[in-house]
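To start, the structure under review is shown below, and the notes come after it.
Below, each value reflects all heavy atoms present in this structure, side chains not excepted, and no hydrogens, waters or symmetry copies.
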Amino acid sequence: MAGGTKKPDFESSLGELEQIVEQLEQGDLSLEQSLAAFEQGVKLTNLCQDALSKAEQKVQILLANQLEPLDTNILDTDDA
């Protein structure tokens with residue numbers, strides 16, 4: 001794969017999204033710049049939501065594939 005086609009990771013996407021929000025909140029951008037920043041923000045939001053959704057699915061799979069339920073009796077310290 002070419003180096004430019006790699007998807008950014010969640011943390012870098014979130015960081016870039018935060019920068020875009022700051023730029024938009026400052027109000028110093030032209031209309032065209034604001035629209036371009038907003039469009040990039042939407043793309044980054046979708047990437048972040050997709051990454052979070054995939055992580056949630058992995059967690060659900062891991063929890064569903066547990067071989068044994070959690071043994072709550074381990075916490076009992078009845079010495080009597």
Side-chain angles (χ1 to χ4, degrees):
M1 262 196 223
T5 59
K6 183 181 175 189
K7 284 187 178 180
D9 64 1
F10 176 80
E11 289 79 11
S12 63
S13 295
L14 186 59
E16 188 177 343
L17 182 58
E18 289 172 344
Q19 290 176 350
I20 289 172
V21 169
E22 287 177 20
Q23 289 175 344
L24 290 171
E25 286 177 343
Q26 289 175 0
D28 295 335
L29 301 176
S30 69
L31 177 60
E32 291 81 15
Q33 291 171 322
S34 294
L35 288 173
F38 182 79
E39 183 179 2
Q40 181 64 16
V42 169
K43 289 177 184 178
L44 291 167
T45 299
N46 290 335
L47 284 173
C48 289
Q49 287 177 338
D50 185 49
L52 288 173
S53 178
K54 287 179 181 178
E56 182 181 13
Q57 288 174 353
K58 286 182 181 181
V59 168
Q60 289 176 352
I61 290 169
L62 290 170
L63 291 175
N65 287 335
Q66 284 183 340
L67 298 177
E68 299 177 14
L70 180 63
D71 186 2
T72 56
N73 292 329
I74 292 173
L75 300 177
D76 292 338
T77 56
D78 236 7
D79 292 335

Only distances under 3.5 Å count here; give the side-chain donor-acceptor pairs of residues 13-24 to other protein atoms, sequence neighbours excluded, each with its distance to 0.1 Å.
unit_1 : atom_1 : unit_2 : atom_2 : d
Ser13  : OG     : Asp9   : O      : 3.1
Glu16  : OE2    : Gln40  : NE2    : 3.4

Ignoring hydrogens and angles, write down the donor-acceptor pairs under 3.5 Å from the side chains of residues 30-37, residues two or more places apart or on other chains.
unit_1 : atom_1 : unit_2 : atom_2 : d
Ser30  : OG     : Gln33  : N      : 3.1
Ser30  : OG     : Gln33  : OE1    : 3.3
Gln33  : OE1    : Ser30  : N      : 2.9
Ser34  : OG     : Ser30  : O      : 2.9

Under 4.5 Å side-chain linkage, directly or through intermediates, the cluster mates of Leu62: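 Listed partners: none, Leu62 stands alone.
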
Which Ile, Leu, Val, Met, Phe, Trp or Tyr residues join Phe38 in one cluster when any pair of side-chain heavy atoms under 4.5 Å counts as a link?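 Direct or chained contacts put Phe38 with Val42.
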
Rounded to the nearest 0.5 Å, what separates atom CD in Gln60 from atom CG in Asn65?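 Nearest 0.5 Å value for the CD-CG distance: 11.5 Å.
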
Identify all side-chain donor-acceptor contacts of residues 47-55 below 3.5 Å with residues at least two apart in sequence or on another chain.
unit_1 : atom_1 : unit_2 : atom_2 : d
Asp50  : OD2    : Lys54  : NZ     : 3.4

side-chain contact (heavy atoms from CB on, under 4.5 Å) partners of Leu63, counting only residues at least two apart: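 Residues passing side-chain contact (heavy atoms from CB on, under 4.5 Å) with Leu63: Val59, Gln66.
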
